[in-house]
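The structure appears below as structure tokens.
All chains are named by letter (A, B, ...) in the order of the sequence lines, taking the proteins before the strands, and each is independently numbered beginning at 1. Quick note: numbers below take in every heavy atom, side chains included, and nothing from hydrogens, waters or symmetry partners.
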Amino acid sequence: MSGLFELAVTAILTLATQGPAAQELWNAGRREEAIEAWWREQERAPGDRSALLRIVEAELAVHRYAAALEHARGLGAEGARVRGTALYRLGRAAEALGELGRESAAELAMRVDAYELLQRFGEADRELAELARRTEGKSASVEAMLARSAVRRGDAAAGERHFRRALELDPVDPGALHGLGMLLRGGERKSEGLALLQRHREVTPLLDQLEFARRGVDLGPMHAANHAAVGDAQRALGRIDAALEAYRTADRLASGDALVPVALRHARVLAEDRKDVASAVRVLESAFERCGNAKLLVRAGDVLADAGERAAARERWTRALALRPQDAELRARLERAGGKL
Amino acid sequence: MTVEHACVESCWGELRWGEWRRWASVCALAFAASCDGGAARPQAERSSAGGAWFVDVTAECGVDFVHDAGLSPEKHLPETMGAGGVLFDVDADGDLDLYLLQGGPMRRGGAEPGTFMEPDGNLPSNRLFRNDGRGRFEDATAHSAAAAHTGYAMGATVGDVNGDGHLDLYVTNLGADVLLLGDGNGAFVDGTADSGLRDERWTSAAMLFDADGDHDLDLYVAGYVQVDLARALWCGERKEGWRSACHPDAYPALQDRLWINDGRGKFRDATLTHGIEQSFGKGLGIVPCDVDADGDLDLYVANDSTENFLWLNRGDGTFEDGTLLSGVGVDGRGMTEAGMGLASGDLDEDGDFDLFVTNFDDESNTLYRNDGSGLFEDVTLLIGLEGPSRMPVGFGTVAEDFDLDGDLDLAVTNGHIIDNIQLYHDGKTHAQRSQLFENDGRGNYRELEAEAGAFGATPVVGRGLYSGDLDGDGDADLVLTQCGGRTRVYRNVRGDASRALVIAGLPEHARVELIARDTRRQLRAAGPQPSYFGACGREILTALPFTELVELIVRPAGERASRVALERPLAAGRVELRRAGERWSARVTAR
């Protein structure tokens, strides 16, 4: 479920803002070493439950669910959420239900799924109703879950309503495109059903690309390129907000020349999809200040030139040329624009 | 020869069954003989097994095959695939022999991506094991000639491609595929060059089936992905011991190919003319199945992390893409899955063929229920198969009536592809338990744990799983191939042999309805079923009490159905259904 992915990424990035020493290892992507370092700190102050909780959270982030479960046993009620998450991720649905609460949407989503896995559909539906109340009809994936539940109960009309609502929220929600297409394929609205299924087919490779990119983030959440790949995939799906969020994360994590491709893609979305030239230029210039790569100034000039801001464009190209005086193409571009050499 | 049971009736009047020949002599067959050659011991063994359905007879049955995955530091993707096997009667002596496919040292990359070169040195070969009829096997590789092939094998399919009455094999490899022509006595010659078949890519699954209803076997071959072994990608974390095989998403897909047989074993490539030109799917499983009950064989292809295909046969061997409307391309949530193994069968006993696909971890295996017209619904969650299949990586699967209670149970073998997966998820392992699911008669499934016996007891790196009656007791035994491990053989000790009904000799993939005196019906398909990368036995193993069978309706691919009514109950033993002039006959065996 896509919501869980974002929550997991947030948790990992939050961990990146905590603590000293071990923290640097975590921030550098050396996550197992960071956990070991935290354990060493924990041994010096064994009663520190918040530190232990942090370790367990970190273990969850690196998929050490069995370890997290073991270590969270000493956390009492405070550790129920992490124990529940670990049990769920270990495929122990019935036990997970004994630990998972209802405080967060992520926990509720796990509860719904766990009940469904156990074929306790009535209880799953009750949890889903609570999840829907919590998300206030603003989550496409929850709407698609409500739709599937309705179809399972034989209420096709409610299923259709929820699928359509999901598509309003996210026109490429795979569950809704496919689910509504399946619902309509056999009746009088077969052509609409087929069109939805066709649309689903078109976006499926893009969704797979997104899934692949997310696996990269999961493996290396501190690598900027992985987040930028998520941004690319989201952009291909037309999810511009999600793309920008991924690029911002990538931007934050990148350094040196690795920042260049990130900033270029980030600025492209701002300029082309959002028509926000000022923000695009800001992204490029900010990146230039951090890494000093002239390509960023050249692109900033291009963006400004495309927007008709010739003087501003010439100014960026001129600065870039100062850094790359042998760049004949840039020199020609500047000449065409009437700039001083 | 005495005609004991005449039953000449055909509702369409085309095919009449000429005679039922009671073979009194075969009543003396040593049913249920054990792997060690002993006499029948079903009841005692069931007791000693404590209710278990399967016992592991690998050690004593003569199958001593160990797969060599060719593991390398580069963790090339082919190393993870394992290889399959084929259960077939190589010497026409009435029992199932076993052909097992071998990997070997990893191939070297050729000049171009997707081309391969053999490594130096001696290479291990595929092996052939002959059955003595009681489930004891002897290594017959030395006499199998070209079947001792040393390509880095993936899968195989079996059938008589040239109409000489002997079974042939088509083997897919990491590199050039090979067509092995059988002589009916366990020896093979390489007939690839003369056949017109040529495929030197990385192919995976293959299926011989009669696409165009002309009574010969055509061939569908799944292309997998284009890897460049000379320039291996690095996947996984860049730490010592953490490198892992790459996901197939990292490689471009290869096109599947359809080859049409001229009836004499000469094939022409029909990929671009018969409707499958868009078949770039990273296929791993192929099952022919008449999903829309129009009399021809459609093809369902399980693809790895891309949309599965359903190719609907137009009746002449050309296909149209039926994936979208049928709903079998993705799961019920609209997500692609990593399709591996396949089984088809009437799992909910409603008179049509359903489809079952094994998938990756954090997905689930998927059961698509057919509404009879070829429209399917993902019912995995509803019928109890989602929960147990979320964590394992499913590969080979078979749908068989293991306990002979009249419905189709499911067996699945599992095993991760990442050999260091525990570094990435400490709840996952490379070797995993196989799983057995019992059907409640209405298509709902319950996982059997202790009852699975040896089959589910020991974690394996499972890949192929093939069913067939190895020991002649009428129930379905299992052969399991591992990636980089020993092939296991499991004997079924659960099936009540007094209920067993074995129907052999039918054309490949024929649709068969069995009708009982009380009007109960069973729909079954003649094999071979593909599982993952191989072929199960061709016989139908079912459980309708022999004395209650009153009618059979048989529909071979591309032909009209033939209805055969029995005038009076049959006695135990083996009968042959044969009519002069027909191209096939069937043998029915009961205890």
Backbone N/O of [Y] and side chain of [X]: donor-acceptor pair under 3.5 Å:
X	Y	result
B:D426	A:A67	yes
A:H200	B:G334	yes
A:R185	B:L325	yes

| query | Among B:S326, B:C235, B:P388, who wins on heavy-atom pairs under 4.5 Å with chain A? | reply | B:S326
Would you compute the distance between atom [atom1] of [X] and atom [atom2] of [Y] and round it to the nearest 0.5 angstrom?
X	Y	atom1	atom2	result
B:E237	A:R30	CD	CZ	12.0 Å
B:L385	A:L117	CG	CG	12.0 Å
A:R152	B:E377	CZ	CD	11.0 Å

Please flag which part of [X] lies under 4.5 Å from any non-hydrogen atom of chain B: side chain, backbone, both or neither.
X	value
A:L90	both
A:H178	side chain
A:L177	neither
A:R64	both
A:D173	neither
A:A93	neither
A:Q198	both
A:E116	both

| said: To check you understand the geometry: which heavy-atom pair defines the closest contact between B:G384 and A:Q119, and what is its length? | reply: N-NE2, 3.1 Å
| said: For a quick test of reading the model, state the closest non-hydrogen atom pair linking B:D249 to A:D208 and the distance between them. | reply: OD2-O, 4.0 Å
| said: Could you check whether atom CZ of A:R153 has more than 12 heavy atoms from other residues, nucleotides or ligands sitting under 6.0 Å from it? | reply: yes
| Around atom NZ of A:K190, are there more than 12 heavy atoms of other residues, nucleotides or ligands at under 6.0 Å? | no
Could you tell me which portion of [X] (side chain, backbone, both or neither) has an atom closer than 4.5 angstrom to a non-hydrogen atom of chain A?
X	answer
B:E386	both
B:S305	backbone
B:K428	neither

| note | Looking only at A:M182, A:R201, A:E211, the option with the highest number of non-hydrogen pairs under 4.5 Å against chain B is A:R201
| Passes side chain to side chain contact (heavy atoms under 4.5 Å, CB included), B:R333 versus A:R148? Steps please. | CA-CA 8 Å; B:R333 294 179 177 86; A:R148 280 194 296 274; 3.8 Å; yes
| Worked verdict on A:R215 versus B:D362 for salt bridge (Lys or Arg N to Asp or Glu O under 4.0 Å) | CA-CA 12 Å; A:R215 278 198 292 270; B:D362 297 325; over 6 Å; no
| message | Side chains of A:D218 and B:Y424, heavy atoms from C-beta outward: is any pair under 4.5 Å? | response | no
